[in-house]
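So the structure is just underneath, and the comments pick up after that.
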Protein chains: 2
Amino acid sequence: MARFIQSHNCVDCKCKDSIFSSLSTTELELINNNHYEVSFKAGEMMFKQGTPSPHFLCLTTGLAKLYIEGYGKNLILSLVKPVDYILGPGIYVDNRHHYSASAVEDSTACLVDVTTFRQIMRGNPDFADEFIRRISIMTIFNFEQFISLTQKQMNGRIADALFYLSDKIYGRNPFEMTISRQDLADLSGMSKESAIRILKEFKDEGILTVDGNSLHILNPQQLKKISETG
Amino acid sequence: MARFIQSHNCVDCKCKDSIFSSLSTTELELINNNHYEVSFKAGEMMFKQGTPSPHFLCLTTGLAKLYIEGYGKNLILSLVKPVDYILGPGIYVDNRHHYSASAVEDSTACLVDVTTFRQIMRGNPDFADEFIRRISIMTIFNFEQFISLTQKQMNGRIADALFYLSDKIYGRNPFEMTISRQDLADLSGMSKESAIRILKEFKDEGILTVDGNSLHILNPQQLKKISETG
DNA sequence: GCCATTTGTTGACAAATATCAATGAATTGT
DNA sequence: ACAATTCATTGATATTTGTCAACAAATGGC
């Protein structure tokens with residue numbers, strides 16, 4: 001399970017360039033006094049859907065997946081890479097997690113007490129604005145995903161997932177896919193077998209190369225077209 | 001198109017019992033000075049996806065649908081009934097609408113300047129908390145819908161949609177469906193024909209009665225089971 | 001290094017769902 | 001009131017997608 005590791009000081013942490021940029025030294029110190037760092041091995045669960053949600057989580061290294069445990073299978077809402085926070089909608093509603101989170105790669109995270117978080121939210125409008133901006137961006141992304149998964153056929157959905165991985169997550173084009181085929185399927189709302197088949201189809205058509213987990217999108221224009229034609 | 005109607009005073013408005021309950025008289029007056037009322041005929045569009053979003057909209061009478069215009073078809077995110085607000089995620093991101101809204105029934109709405117809204121958000125933590133709580137509830141609902149639409153089969157999806165209409169929208173059991181079959185389909189992520197067929201199937205099995213737009217769920221237990229077994 | 005377990009791959013088949021077409025019913029404008 | 005349009009319904013058919021089964025490849029524990 002999760003291991004505590006030596007805590008750094010938030011005041012000098014690289015994380016503060018992210019969501020925390022508008023915080024005063026006093027506020028950073030408040031967070032510093034109410035946080036701890038944890039490390040997770042690849043595959044370990046960070047928290048589970050339905051359990052109480054007493055922390056704001058900030059991913060400092062690694063890669064995590066946020067997913068809803070549905071009817072027999074999972075739906076991956078998003079992948080989270082450093083430095084980004086994980087804070088579900090339950091915080092302001094029922095203090096529970098509405099999705100689960102697992103480490104995809106070995107990861108470390110900072111956990112900040114939710115009470116501290118809400119206290120800062122109420123006292124610092126700039127921080128609140130930035131936080132709302134971020135959850136709004138997430139909502140907009142969820143809408144796009146919603147449309148992709150409910151209105152596109154499998155080829156278009158895989159195309160979208162591949163662009164997501166390449167552009168938003170790994171940030172480069174030949175990329176090493178650290179998520180499994182099952183994860184790719186859970187991200188695209190289909191069975192693992194279908195995801196594999198479409199990957200192969202794209203490979204046969206020369207749109208990309210797949211070698212194990214190394215993936216190279218050779219023809220982004222054509223893939224874009226597949227994404228658009230559904 | 002939309003018609004202006006005589007403006008009431010926000011300070012005495014019934015709407016203030018809703019999201020606005022934490023506002024001071026001063027803040028209500030600020031809103032009062034920056035709002036106007038509009039009426040929409042059934043079928044009229046309130047705003048369109050992609051257009052600038054300069055207002056917070058508060059539905060005072062009628063019924064509206066919020067929907068994403070996707071690839072050839074629409075996806076209804078939710079229905080909105082009085083008194084509830086409509087404020088998309090674009091407000092804090094790009095000032096654009098990320099979904100369209102249409103009046104399903106004849107409706108009236110109050111439009112409040114977004115600048116005023118954000119000003120109050122920054123100055124009143126209770127209001128901000130309540131607002132975040134509400135968008136969080138919406139997000140949680142979107143998650144449920146997301147799972148329903150991506151992991152359940154058509155019967156389960158229609159079951160979910162019917163419970164949504166009965167419990168959350170019309171608030172009674174024999175209810176008059178003011179949305180069209182196409183809307184029901186757009187709410188359940190399927191073709192209109194499929195939605196109609198499943199409605200008929202449920203009718204044949206004695207789970208409900210359908211007479212035009214009058215719908216009565218006779219056996220909620222069985223419908224619940226259909227919802228749960230996907 | 002080797003066995004056990006998981007993960008990836010492929011094919012055949014079955015189930016779910018959309019599309020198309022035809023028709024009836026209801027609604028709207030004039 | 002009536003034509004014109006939209007909305008609802010049904011059946012036949014094609015397409016999409018999942019499931020099952022078998023097996024290959026990779027990975028982890030010891």
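Just so you know, these numbers come straight off a predicted model, no measurement behind them. A, B, ... follow the sequence lines: proteins, then strands. Residue 1 opens every chain. Quick note: numbers below take in every heavy atom, side chains included, and nothing from hydrogens, waters or symmetry partners.
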Please tell me whether [X] and [Y] have a donor and an acceptor in their side chains that are separated by less than 3.5 angstrom.
X	Y	value
A:Y67	A:S78	no
B:T108	B:T60	yes
B:K192	B:S180	no
B:S148	B:D160	yes
A:K73	A:S191	no

query: Is any side-chain nitrogen or oxygen of B:S194 closer than 4.0 Å to OP1 or OP2 of C:dA18?
result: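 Answer is yes, contact under 4.0 Å.
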- prompt: Which residues, if any, of residues 198-210 of chain A bring a heavy atom under 4.0 Å of DNA chain C?
  reply: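 Output list: A:K200.
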query: B:L218 and side chain to side chain contact (heavy atoms under 4.5 Å, CB included): which partner among B:T209, B:I207, B:L223?
result: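 Exactly one pass, corresponding to B:T209.
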Whole Å only: how far is the [atom1] atom of [X] from the [atom2] atom of [N]?
X	N	atom1	atom2	answer
B:R181	C:dA18	CZ	P	17 Å
A:D106	D:dG28	CG	P	10 Å
A:K192	D:dA21	NZ	C1'	13 Å
A:Q151	C:dA18	CD	C1'	13 Å
B:Q182	D:dT9	CD	P	13 Å
A:L149	D:dT17	CG	P	11 Å
A:I196	C:dG8	CD1	C1'	5 Å

Between [options], which nucleotide has the shortest distance from any of its atoms to the side chain of [X]?
X	options	value
B:M154	C:dT17, C:dG8, D:dT16	C:dT17
B:S191	D:dG18, C:dA18, C:dT10	C:dA18
B:R157	D:dA8, D:dG18, C:dT17	C:dT17

- request: Show your working on ring pair (Phe, Tyr, Trp, His ring centres under 6.0 Å) between A:Y36 and A:H55 and close with a plain yes or no.
  value: CA-CA 10 Å; A:Y36 49 98; A:H55 301 108; 5.5 Å; yes
field: Test log, rule ring pair (Phe, Tyr, Trp, His ring centres under 6.0 Å), inputs A:H35 and A:F117
entry: CA-CA 10 Å; A:H35 92 295; A:F117 168 81; over 10 Å; no
Protein-nucleotides 20-30 of chain C N/O pairs closer than 3.5 Å?
residue, atom, partner, partner atom, Å
C:dC20, N4, B:E193, OE2, 3.2

message: With a 3.5 Å distance limit and no angle check, can you tell me whether B:Q49 reaches the backbone of B:H97 through a side-chain donor-acceptor pair?
response: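 No: the side chain of B:Q49 does not pair with the backbone of B:H97.
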